[in-house]
Amino acid sequence: MGAVTPPKQDRSRATRQRLLASAVACLAEHGWAGSTVTVVAEHAGVSRGAAQHHFPTREDLFTGAVEYVAEERSAALRALPVQDRAAVIAALVDLYTGPLFRAALQLWVAASNEAQLRPRVTELEARVGRETHRIAVELLHADESRPGVRETVQGLLDMARGLGLANLLTDDRARRERVVAQWAALLDEALG
């Protein structure tokens, strides 16, 4: 009996996923300038024509990659087990120091200079920001009806993004761990 070939729709979905994952990897590794449709297609092991079938333009491919990054970040946050605040804060910061954040950052920089890309990335990042904030509030058991709590959670996320930026050029783990410990103590006090 021969091997069973997956239905065409399944193969198409798998190709699309490989292209999105490759776009993220290429952005993280090569930046916007070095991440062309051809480079991504080669990385994914598909033809340029197959890539263009799924994503007719470079903006479509990389906007799709931003959405993929957003979904991956949200899924990673939702998958965090219920833990103490220090562990939640460390996990939130970890999201901003990995390849998904690196890829998103490359897209933000590109969007700041590319008029076609800017509105797509801006809208998507606003949606991702709201979702990340919502999940962080849930994981931290933060009561946003209390004055200052919303801003405290947002400050944590802004700090995490800043730590992600600091980690781009050098491994900043030792300093980051001290900062995370301090923020955990501050949040315990602020959130009660």
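Hydrogens, waters and symmetry mates play no part in the numbers below; they use all other heavy atoms, side chains included.
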Gap separating the [atom1] atom of [X] from the [atom2] atom of [Y], nearest 0.5 angstrom:
X	Y	atom1	atom2	result
Thr63	Arg120	OG1	CZ	3.5 Å
Ile89	Leu157	CD1	CG	10.0 Å
Asp84	Leu140	CG	CG	10.5 Å
Thr15	Leu20	OG1	CG	11.0 Å

Within the side chain of Thr132, is there an N or O that forms a donor-acceptor pair under 3.5 Å with the backbone of Gly129?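 Looks like no, no N/O pair under 3.5 Å.
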Kindly indicate whether the side chain of [X], heavy atoms from C-beta on, has any atom under 4.5 Å from the side chain of [Y].
X	Y	answer
Val137	Arg150	no
Arg130	Arg134	no
Phe62	Val40	yes

Could you work out, with salt bridge (Lys or Arg N to Asp or Glu O under 4.0 Å) as the rule, every residue matching [X], not counting sequence neighbours?
X	value
Arg161	Asp158
Arg118	none
Glu177	none

Any pair counted as salt bridge (charged side-chain N to carboxylate O under 4.0 Å, His left out), so long as it reaches residues 163-173, sequence neighbours left out: Asp171-Arg173, Asp172-Arg175
Listing request: all salt bridge (charged side-chain N to carboxylate O under 4.0 Å, His left out) pairs with a residue in residues 34-47, at least two apart in sequence or in separate chains. none
With Phe101 via ring pair (Phe, Tyr, Trp, His ring centres under 6.0 Å) - residues at least two apart: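 In terms of ring pair (Phe, Tyr, Trp, His ring centres under 6.0 Å), with neighbours along the sequence ignored, Phe101 is linked to Tyr96, Trp108.
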List the residues meeting side-chain hydrogen bond (donor to acceptor under 3.5 Å, both in side chains) with [X], not counting sequence neighbours, and say none if there are none.
X	answer
Thr57	Asp60
Gln52	none
Asn167	Arg176
Glu59	none

Might you work through the salt bridge (charged side-chain N to carboxylate O under 4.0 Å, His left out) test for Glu123 and Arg127, ending with a clear yes or no? CA-CA 6 Å; Glu123 182 276 324; Arg127 187 166 28 107; 3.6 Å; yes
Taking every non-hydrogen atom, the tightest pair across [X] and [Y]:
X	Y	value
Leu117	Ala111	CD2-N, 4.0 Å
Leu19	Ala50	CD1-O, 4.3 Å
Val24	Ala65	CG2-O, 4.0 Å
Ser22	His43	OG-ND1, 2.8 Å

Got a list of side-chain donor-acceptor pairs under 3.5 Å for residues 182-192, not counting sequence neighbours?
from   : atom 1 : to    : atom 2 : distance (Å)
Asp188 : OD1    : Arg85 : NH1    : 3.3

In this structure, are over 12 heavy atoms from other groups packed under 6.0 Å from Gln116 atom CD?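 Not buried by this count: 12 neighbours or fewer within 6.0 Å.
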All N/O donor-acceptor pairs, side-chain side in residues 25-32, below 3.5 Å, sequence neighbours left out:
from  : atom 1 : to     : atom 2 : distance (Å)
Trp32 : NE1    : Glu114 : OE2    : 3.3

